[in-house]
Amino acid sequence: QFDLNNTSLTFGRIPPESTVTRSISIFNDLTFPIKIRIEKEGSISPFLQIPDSEFSLNVGEEKIVKILATPNQEMNEGEYTGILRITTIK
């Protein structure tokens with residue numbers, strides 16, 4: 001099951017111990033370099049990994065960030081939700 005749209009990341013039904021990856025693009029269109037911090041919240045957060053959760057972007061630079069969802073055997077079937085908070089630091 002897939003739900004593809006441009007306002008949310010959806011992972012669909014994932015078998016335990018499997019991994020599903022989604023990607024987001026972050027672009028620096030400002031006139032100065034920035035630092036980015038990505039934090040996860042919500043019921044899905046223990047099952048998400050963000051390998052590049054903190055990084056810098058120069059002016060005009062873009063980075064594709066991968067978000068991995070890996071449910072474990074103890075995870076009950078159900079709907080898990082959360083928020084990715086993306087903070088820009090000058």
Side-chain angles (χ1 to χ4, degrees):
Q1 174 183 344
F2 292 97
D3 179 9
L4 302 175
N5 64 62
N6 61 3
T7 59
S8 65
L9 290 173
T10 56
F11 293 94
R13 185 179 297 252
I14 307 171
E17 307 299 331
S18 298
T19 299
V20 173
T21 302
R22 297 289 182 260
S23 298
I24 59 172
S25 171
I26 300 177
F27 180 76
N28 180 6
D29 61 355
L30 300 171
T31 58
F32 49 86
I34 56 174
K35 292 183 180 179
I36 299 291
R37 179 181 302 133
I38 304 173
E39 299 170 295
K40 54 190 178 167
E41 300 175 7
S43 60
I44 196 171
S45 65
F47 311 105
L48 293 181
Q49 297 86 44
I50 307 169
D52 294 323
S53 61
E54 292 190 30
F55 55 91
S56 297
L57 288 176
N58 289 316
V59 175
E61 189 176 9
E62 178 181 26
K63 182 165 183 72
I64 305 299
V65 178
K66 294 182 179 183
I67 295 97
L68 296 83
T70 307
N72 60 34
Q73 292 290 343
E74 291 78 40
M75 187 175 183
N76 293 321
E77 186 171 328
E79 185 171 318
Y80 292 79
T81 61
I83 294 172
L84 289 181
R85 185 173 316 281
I86 301 172
T87 305
T88 303
I89 304 164
K90 185 175 179 180

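In this chain, numbering begins with 1 at the start of the sequence shown.
For the pair Phe11/Ile44, a side-chain contact is recorded, criterion being any heavy-atom separation below 4.5 Å from C-beta on.
Cluster membership check: Ile86 shares its hydrophobic cluster with Leu30, using side-chain heavy-atom separations under 4.5 Å among Ile, Leu, Val, Met, Phe, Trp and Tyr.
The two atoms that bring Pro51 and Lys66 nearest to each other are CD-O, 3.5 Å, heavy atoms only. Looking at every heavy atom in both residues, Pro33 comes nearest to Asn28 through CA-ND2, 3.9 Å. In terms of heavy-atom proximity, Ser18 sits nearest to Pro71 at O-CD, 3.5 Å. A pairwise comparison of heavy atoms in Thr81 and Glu79 identifies CG2-OE2, 3.9 Å as the closest pair. Residue Arg22 comes nearest to Thr10 through the heavy atom pair NE-O, 2.8 Å, listed as atom of the first residue, atom of the second, then distance. Here the closest non-hydrogen pair linking Pro46 and Gly42 is CD-O, 3.9 Å.
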Pair Val65-Ile36, side chain to side chain contact (heavy atoms under 4.5 Å, CB included): steps then yes or no: CA-CA 11 Å; Val65 178; Ile36 299 291; over 6 Å; no
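Distance check: Glu17 CD to Thr70 OG1 gives 8.5 Å after rounding to the nearest 0.5 Å. Atom-to-atom distance recorded for Glu41:CD and Glu39:CD is 7.0 Å, nearest 0.5 angstrom.
A donor-acceptor contact shorter than 3.5 Å is absent between the side chain of Thr21 and the backbone of Leu68.
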Taking only distance into account, with no hydrogens and no angle test, what donor-acceptor pairs under 3.5 Å do side-chain atoms of residues 52-63 form with protein atoms, sequence neighbours excluded?
residue : atom : partner : partner atom : Å
Glu61   : OE1  : Asn58   : N            : 2.7
Glu62   : OE2  : Ser25   : OG           : 2.3

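Between Ile26 and the options Ile38, Thr88, Ile34, a side chain to side chain contact (heavy atoms under 4.5 Å, CB included) holds for only Ile38.
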